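These notes concern the structure reproduced below.
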Amino acid sequence: AQSVTQLGSHVSVSEGALVLLRCNYSSSVPPYLFWYVQYPNQGLQLLLKYTTGATLVKGINGFEAEFKKSETSFHLTKPSAHMSDAAEYFCAVTRMDSSYKLIFGSGTRLLVRP
Amino acid sequence: DAGVIQSPRHEVTEMGQEVTLRCKPISGHNSLFWYRQTMMRGLELLIYFNNNVPIDDSGMPEDRFSAKMPNASFSTLKIQPSEPRDSAVYFCASSLGSRANTGELFFGEGSRLTVL
């Protein structure tokens, strides 16, 4: 079975500071990995995804994530936080042979302090 | 372009009443998903349709829940009778293709259900 663990339900950073949101996955087959963002009272929006190829993936709004197979991780980073980045972030995993089924992590709420 | 449209945005009802949530996917998308979001359980996939056919309904909690997709542009999620534990935000999402890895899911803004 596949699963995703997001470390830290809340992360607080100062504006301009590095953002690091952690995601570890469990999968018996090569995974496809995603980060979604949810702004208040809105649906989820795709930030970036890893399927195959380059392990460093760039997404929207300056976010990027690196697939590290040896560490079973897919952490999300952004060099400099903006106030507008305050939202909830979800890591998700799926697999090639049941690829419609996204398994979401429990989410990490990012707070950005002025 | 219109995104995924859900209605109602908010619904407050009393226990035992029937609730119907509606979804209009993005035109041309052939996959539709219903998710439920709660603090306790996070995001759960309830049911997945591909080309209007239910493919996986293993996430539907119990017989009180039913979902239909009579055509490519409309889906409903019905709860009858509703119970307080059904209180949640229900999201509809659509995508092009049957494989999440080849595309992205486009989510609606959700229907917040409160059952008193």
Side-chain angles (χ1 to χ4, degrees), chain A residues 1-10 23 25 27 29-53 57-61 63 65 67 74 87-109, chain B residues 2-10 21 23-26 29-51 53-60 88-112:
Chain A
Q2 292 182 304
S3 66
V4 169
T5 302
Q6 291 185 241
L7 298 175
S9 59
H10 292 79
C23 172
Y25 69 90
S27 179
V29 298
Y32 292 152
L33 294 157
F34 304 78
W35 276 100
Y36 277 81
V37 61
Q38 184 179 27
Y39 297 103
N41 299 314
Q42 294 187 25
L44 281 71
Q45 175 184 352
L46 181 68
L47 268 180
L48 49 80
K49 65 179 181 181
Y50 167 79
T51 53
T52 57
V57 180
K58 295 187 185 299
I60 62 173
N61 300 338
F63 284 92
F67 171 60
F74 191 58
E88 187 146 21
Y89 292 80
F90 292 90
C91 184
V93 64
T94 187
R95 49 190 280 177
M96 281 183 283
D97 54 350
S98 61
S99 54
Y100 65 86
K101 201 163 189 173
L102 278 176
I103 307 298
F104 285 92
S106 55
T108 298
R109 185 168 298 279
Chain B
V4 175
I5 299 172
Q6 292 187 244
S7 65
R9 290 294 313 277
H10 301 274
L21 308 178
C23 175
K24 177 178 169 55
I26 292 173
H29 283 189
N30 62 345
S31 291
L32 185 138
F33 307 78
W34 282 100
Y35 281 87
R36 178 172 67 177
Q37 186 179 37
T38 61
M39 289 291 292
M40 292 297 294
R41 300 175 69 89
L43 274 161
E44 303 172 278
L45 176 64
L46 300 178
I47 187 167
Y48 160 59
F49 292 88
N50 184 245
N51 292 323
V53 175
I55 303 299
D56 183 351
D57 65 355
S58 59
M60 296 286 264
V89 181
Y90 291 82
F91 287 103
C92 177
S94 70
S95 71
L96 182 62
S98 60
R99 297 163 64 87
N101 57 296
T102 58
E104 65 181 274
L105 269 59
F106 291 81
F107 283 77
E109 294 186 318
S111 294
R112 181 177 295 275

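It should be emphasised that the depicted structure is a prediction, and the values quoted were computed from it without experimental measurement. Note that these values count all heavy atoms, side chains included, but never hydrogens, waters or copies made by symmetry. Order of the sequence lines sets the chain letters (A, B, ...), proteins ahead of strands, with each chain counted from 1.
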Salt bridge (charged side-chain N to carboxylate O under 4.0 Å, His left out) involving B:D56 - partner list, sequence neighbours excluded | A:K101

Side chain to side chain, A:F104 and B:Q37, heavy atoms closer than 4.5 Å = no

If you round to the nearest 0.5 Å, how far is CG of A:L44 from CD of B:E109?
-> 12.0 Å

Heavy-atom distance under 4.5 Å to chain B: side chain of A:Y50, backbone, both or neither?
-> neither

Structural part of B:S58 lying under 4.5 Å from a heavy atom of chain A = side chain

Is the shortest heavy-atom distance from the side chain of B:E104 to the side chain of A:Y36 under 4.5 Å?
-> yes

For residues A:L102 and B:F33, determine if any side-chain heavy atom of one lies less than 4.5 Å from a side-chain heavy atom of the other.
-> no

If you take all heavy atoms of B:F91 and A:Q38, which pair is closest and at what distance?
-> CZ-NE2, 3.2 Å

Apply salt bridge (charged side-chain N to carboxylate O under 4.0 Å, His left out) to B:R112 and list each qualifying residue two or more places apart in sequence or on a separate chain.
-> none

